[in-house]
Amino acid sequence: MTLTVKIRRSPPPEDRQDQPDIFQVPLPPAAKWTALDVLNYIQLHLDGSLSYYRHSVCNRGVCARCAATINGQVRLLCQWVVPPHGELVLEPLPGRTVVRDLVGR
Amino acid sequence: MAQLEKMVGRVLETDVLVIGGGGAGATAAVAAARAGVKVTMAIKGALGRSGNTIMSAAVFGADGESAFDCGERKADRSFTRELLFEKIVKHGYYLSEQDLVQQYVEGAAPRLHELLGWGKRAKQRFMFVPPGSWATSGKAVGLACRQGVRETPGIEVIEDVIICDLLVNENKVVGALGVDVYAGELLAFKAKAVVLSSGGYQPFSFKCTHGDTTGDGIAMAYRSGAELADMEFLLFLPGVLLAPQMHRGSIFPFVLSAAGLFAPAVVNGTGESITDRIPHDLMKMAQSSEWVKLIYTYYWGKEIAGGKGTPNGGVYFDFSRLSRARYLKGALKTALLLRFWYGKNWRYQGEEMSDLMEMARRGVPWEVGLSNQYSLGGVIVDAAMRTGLPGLFAAGEVTSGVFGANRLARALTEMLVQGYQAGKSAAELALQIGGVEIDVDHLAAIKERILRPFSGRGGSSPLAIRARLEATADAGFGFLREASGLEATLKEVERIRNEELPQATLRSGGRVYNYEWIEAIQLENLITCAEAGVRSALMRRESRGFHLRSDYHEVDHDIWLKRIVVRHHNGTMLLGTRSPVFTSIPPPTGRHESVMHYAVECERGVKHFGVSAVKPTSMLRSQR
């Protein structure tokens, strides 16, 4: 099972200003990964330069710091269980100044 | 000064710098500000939402006398301060510094009372549980501590800064160098006194702690010349979810079984009962006290290490023989409890747990394991919270000494009492001295070290190195140890330190929110702590508390009633020992066949004050 993950990079790479990066993430069957697990996988195996809120996180939905826009809705990355296949579109929180990729302030 | 300002993005001057934003940091900041000095908190994450404080289950409190002094009429005063003192020392296998235990016991009441007040004003709920504890959520404790800081004038809070090292001038701590995580800018803090309240270290892949706990403060103190102790003692929590991935690391099953809400059978990977192998007296202790952590770690750990674990290295909570009536009774109580704390029936911490309850209802087992929860070791402090380094104080999980080899009493109380004392002591020092100067050469050396990953070529990502460090800690330094495994892990940790860390290479340049860079800084700290832990574990040829060795079963008071001390000397890690302070309970002699034999003997004839099972009716009452 493969999940397609679309992330618009910020600042955008010069060669493709308007295109989001697309990552194909293989999901173990019935693993129930969260969006944060998916991003951790991408950062470790596919692109270590990808930035999302990862420092000082609890991973249990307590600190509420890993909020992002997931498929158009504001949610916590660590609490959103991704579908086993299909598409995941990740964007920074609305109304914030984007610092880098998915990280806003 | 001009030279200094060119070397960093900003220079911030203060009287007392507090590193860390959990409960120890908050109380240190409050105490120092009350003494009339300028206080700056530098926090890796957000105030009241970082560190292990918010990960707590959370029960905090002390003895019945202290609770009574907090105004709690239902407190059981026959659980005296003296009794709590004795319990802490004995539960810690006599490695506690008894002067620090005395401070914990005597200092608890005013701090608990104050925390309850902050919590109330932060609109959080606390439920008294006799004899002397309160139950709430970790988040509530974090928000209460934040309330305390906000109510106290004179505290500057700087969030999202990772402190990389202490600034030392002529053997005195004069501040710290940090990185603003968002901007990537270097910040130099100049301070007359520094309080470390940055938490412990969790070196394993499976943990139920906050991402902050990479032992930053412990490693910084060590690099600067302070002494560490008890680094081999890491506390494990039995019954933490291993799967599914979304719940991995959740302590929900532990909380349910410890609160007496469900009593699932515990079976190994081949379906054999483990519960049946635990002697009756120990099983009773496990079901009614915090001994549960060590007892289950001991018995489940044997199964798992013996190759009878589940696919993810744990055990199963087996619900197949749970009757419908008992499920419904447990589920109702759980729902009431969760609604009380989190406002929803199946919400625990910030997680939706209805899928797990559905599994239990259908008789599908939960796969749970032994997860690292707390580090008992850390910086050596005295009762004024002074470290051996002038200008440096420490409080909370970053320290060692109160709980010795095993902790049953509350770490949240330690954090409040020690934090407040550290803040007071730091302010006293700051009021005495005129000013401090930063040694720019020292700062330059630290700066060069922390920027090194940007010029790495061809090495691994710090994230990949971290994964290898955790894997080797899991393999040889986990809940059951022996010499050859520890030696192999030490070799690998040394290889990581000497070969991998200096070559660490970032996948992208730029200092703005570069997580790989932040990870490289944390990684060095975690490597240092892990090395100190593994070396200490190798040296301690006995079992004691949470240091369980399969090649040395016995608890040996004649040889090992001493703490292993770790310090840094000319680039080498030196190990030594020291005897704990015995102020009122004399040191025992002789041997015990195993840590479990000690545990049984320890509780024999002692009046028992287990936290009573949670009663839904009392919850409903306190809800009104």
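Just so we're on the same page: letters track the sequence lines, and every chain starts at 1. Source: prediction; values computed, not measured.
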Asker: Could you go through Arg65(A) and Asp160(B), starting from their C-alpha distance and side-chain angles, then the distance that decides it, and tell me whether this counts as side-chain contact (heavy atoms from CB on, under 4.5 Å)?
Answerer: CA-CA 11 Å; Arg65(A) 298 205 83 196; Asp160(B) 300 298; 2.8 Å; yes
Asker: Tell me yes or no: between the side chains of Thr34(A) and Arg248(B), is some donor less than 3.5 Å from an acceptor?
Answerer: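 Result is no, nothing qualifies.
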Asker: Walk me through it: do His210(B) and Ser56(A) pass the test side-chain contact (heavy atoms from CB on, under 4.5 Å)?
Answerer: CA-CA 7 Å; His210(B) 194 279; Ser56(A) 196; 3.4 Å; yes
Asker: For Tyr52(A), is it the side chain, the backbone, both, or neither that has a heavy atom closer than 4.5 Å to a heavy atom of chain B?
Answerer: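 When you check distances to chain B, only backbone atoms of Tyr52(A) fall under 4.5 Å.
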Asker: Which atom pair, heavy atoms only, marks the closest approach of Ile54(B) to Cys58(A)?
Answerer: CD1-CB, 4.4 Å
Asker: Among Arg507(B), Arg347(B), Gln522(B), Glu351(B), which has the most heavy-atom pairs under 4.5 Å with chain A?
Answerer: Glu351(B)
Asker: I want to check something: taking the side chain as every heavy atom from C-beta on, are His55(A) and Tyr513(B) in contact at a cut-off of under 4.5 Å?
Answerer: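 They are in side-chain contact.
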Asker: Anything under 30° is parallel, anything over 60° is perpendicular, the rest tilted; go ahead and classify Tyr182(B) against Tyr53(A).
Answerer: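 It falls in the tilted class, 30° to 60°.
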Asker: Go through Arg54(A) and Leu463(B) one step at a time and tell me if the side-chain contact (heavy atoms from CB on, under 4.5 Å) criterion holds.
Answerer: CA-CA 12 Å; Arg54(A) 201 181 171 182; Leu463(B) 297 161; 3.4 Å; yes
Asker: With a 4.5 angstrom heavy-atom cut-off, is it the side chain or the backbone of Ser461(B) that approaches chain A, or both, or neither?
Answerer: neither
Asker: Less than 4.5 Å apart, side chain to side chain, heavy atoms only: is that true for Met246(B) and Trp33(A)?
Answerer: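 Answer no - side chains too far apart.
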Asker: I'd like to know which of Arg60(A), Arg100(A), Gln43(A), His45(A) tops the heavy-atom pair count under 4.5 Å against chain B.
Answerer: Arg60(A)
Asker: Non-hydrogen atoms of chain A under 4.5 Å away: do they reach the side chain of Val512(B), the backbone, both or neither?
Answerer: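 Interface part for Val512(B): both.
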Asker: For Glu516(B), which atoms come within 4.5 Å of any heavy atom of chain A: side chain, backbone, both, or neither?
Answerer: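 Side chain only.
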Asker: Rounded to the nearest 0.5 Å, what separates atom SG in Cys63(A) from atom CD in Gln349(B)?
Answerer: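 Rounded to the nearest 0.5 Å, the SG-CD separation comes out at 11.0 Å.
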Asker: Return the minimal non-hydrogen interatomic distance between Glu352(B) and Gln79(A), and the atom names on each side.
Answerer: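 Looking at all heavy atoms of both residues, the closest pair is N-OE1, 4.4 Å.
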Asker: Just how far is it from atom OG of Ser508(B) to atom CG of Leu50(A), taken to the nearest 0.5 Å?
Answerer: 9.5 Å
Asker: Flag the one option from Gly211(B), Ala46(B), Ala464(B), Ser50(B) with the top tally of heavy-atom pairs under 4.5 Å to chain A.
Answerer: Ala46(B)
Asker: Under a 4.5 Å heavy-atom cut-off, does chain B meet the side chain of Val57(A), its backbone, both or neither?
Answerer: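 Just its backbone gets close to chain B.
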Asker: Give, as side chain, backbone, both or neither, the part of Val99(A) having an atom under 4.5 angstrom from any heavy atom of chain B.
Answerer: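 The answer is both parts of Val99(A).
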Asker: Report the C-alpha distance between Ser51(A) and Asn514(B) in whole Å, list the side-chain angles of each, state the deciding distance to 0.1 Å, and finish with yes or no for side-chain contact (heavy atoms from CB on, under 4.5 Å).
Answerer: CA-CA 7 Å; Ser51(A) 288; Asn514(B) 190 332; 6.0 Å; no
